[in-house]
Amino acid sequence: MKRSIFRTICSFAVTTALILTTAACSSQPTEPTENGDDTQQEQSVEGEQFKIGILQLMEHDALDNARNGLLDALAEGGYVDGEKIVVDLQNAQGDQSNLKTMSQKFVNDKEDLIVAIATPAAQSVAAETQEIPILATAITDYPEAGLVESNEVPNVNLSGTSDRTPVKEQFALLKQILPDVKKVGIMYNSSEANSEVQARAAIEACGELGLDYQEGTVTNVNDIQQVVQSIVGEVDALYIPTDNTFASAIPLVVSITDVEKIPVICGENGMVKGGGLATVGIDYYKLGQQTGKMAIRILEGEDISKMPVEFPDSTEICINLDTAAKIGVTIPQEIIDSAAFVIENGEISAE
């Protein structure tokens, strides 16, 4: 979106400056004013490509799947990268300074839409622009993260899809698999708003089930080994929510828990595929597809500030029988039969 501003200065005997500002013709897209309330960019003229910046916090199975689902949904809707859209994909590798630099790049490049994958990415972009539409995904609680006024009416230039997982169902699954469990270690990054929300829900679930708990918190991936080693001897099982820091390091976690025969109940399927024991989670690829459909609506003119945050409409059980064998846990057959994904002998079978 560009606004052409032409300034003509005519000099007479007495120096006089006259600035004429003319609006662009109606066939060209316009750019939001610096102090305007309009948070929605207009659709590109025919033949012009939309510019979409995608900022991903880091690489791990869940976030990668959300990104792939987004791009596939855009393509299925006619928005193919290199044709109707041009995508600039940036990965911050979990680094806050990278997030800021990349967010500023997208704003300076005047992207038509910015997609933020994970809470820190969305927070970073939101701090840089109140004008360019920001569509987010893989975020548990938008109001809690300070991103929107409410899920129903964001009232800002940001909306998206939530990856809120059924924490109580995950703990019910834990009790079904391990009926004798007494104490659970709750592991998460205390600097992630996403994770704190889920940790509170996990503590509440422990109270309802009469379980003791012990928190193990980190602030970055370098803390994980020490914190996990310090807690495995004190608990009967670990619970890890959809925490980006732990998700990116799940092989390290299970390298410790497998030796100690400690089961790990996870917040999402990718961590189970990486060696966790089980979860009742959401499909991040489908979440990405849901986000992609929202992106198309924005590109076609819908006001993002009035688009409610959307939630996944289904969950699925994922079981890792290879992990179960390593740690000596028997998964009840009824759980295996109800699972959407079962990992056995290194292979993933889906119902």
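Only this structure's heavy atoms are used, side chains among them; waters, hydrogens and symmetry mates stay out.
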Test: [X] and [Y] ion pair at under 4.0 Å:
X    : Y    : value
E310 : K293 : no
K182 : D212 : no
K273 : E347 : no
K105 : D109 : yes

Sub-6.0 Å ring centroid separation between F246 and Y188: no
Crowding at NZ, K175 (>12 non-hydrogen neighbours, <6.0 Å): yes
Kindly compute the distance separating [atom1] ([X]) from [atom2] ([Y]), expressed to the nearest 0.5 Å.
X    : Y    : atom1 : atom2 : value
I319 : S349 : CD1   : OG    : 11.0 Å
S162 : I282 : OG    : CD1   : 7.5 Å
Q104 : E128 : CD    : CD    : 4.5 Å
Q93  : D95  : CD    : CG    : 9.0 Å
L277 : L174 : CG    : CG    : 9.0 Å

Any side-chain donor near an acceptor of the partner, [X] and [Y], under 3.5 Å:
X    : Y    : value
N68  : D72  : no
Q49  : K84  : no
S191 : T219 : no
N194 : T119 : yes

L74 with M307, same ILVMFWY side-chain cluster at under 4.5 Å: yes
Same apolar cluster (I L V M F W Y, side chains within < 4.5 Å links), F50/V115: yes
Counterpart residues, salt bridge (charged side-chain N to carboxylate O under 4.0 Å, His left out), relative to D283 (two or more places apart): none
Test log, rule side chain to side chain donor-acceptor pair (under 3.5 Å), inputs T242 and Q198: CA-CA 8 Å; T242 55; Q198 295 174 87; 2.8 Å; yes
Side chain to side chain donor-acceptor pair (under 3.5 Å) between Y284 and D163, intermediate numbers included: CA-CA 8 Å; Y284 274 82; D163 64 353; 2.7 Å; yes
By side-chain hydrogen bond (donor to acceptor under 3.5 Å, both in side chains) - contacts of E208 (at least two apart): K168
Chi angles and distances behind the side chain to side chain donor-acceptor pair (under 3.5 Å) call for N157, E131: CA-CA 6 Å; N157 61 316; E131 297 164 356; over 6 Å; no
Candidate pair I343 and L321, rule side-chain contact (heavy atoms from CB on, under 4.5 Å), full reasoning: CA-CA 6 Å; I343 296 98; L321 294 180; over 6 Å; no
Heavy-atom pair of closest approach, residues E144 and V197: CG-CG2, 3.4 Å
Test side chain to side chain donor-acceptor pair (under 3.5 Å) applied to Y79 and E300, step by step: CA-CA 11 Å; Y79 291 83; E300 294 181 350; 2.9 Å; yes
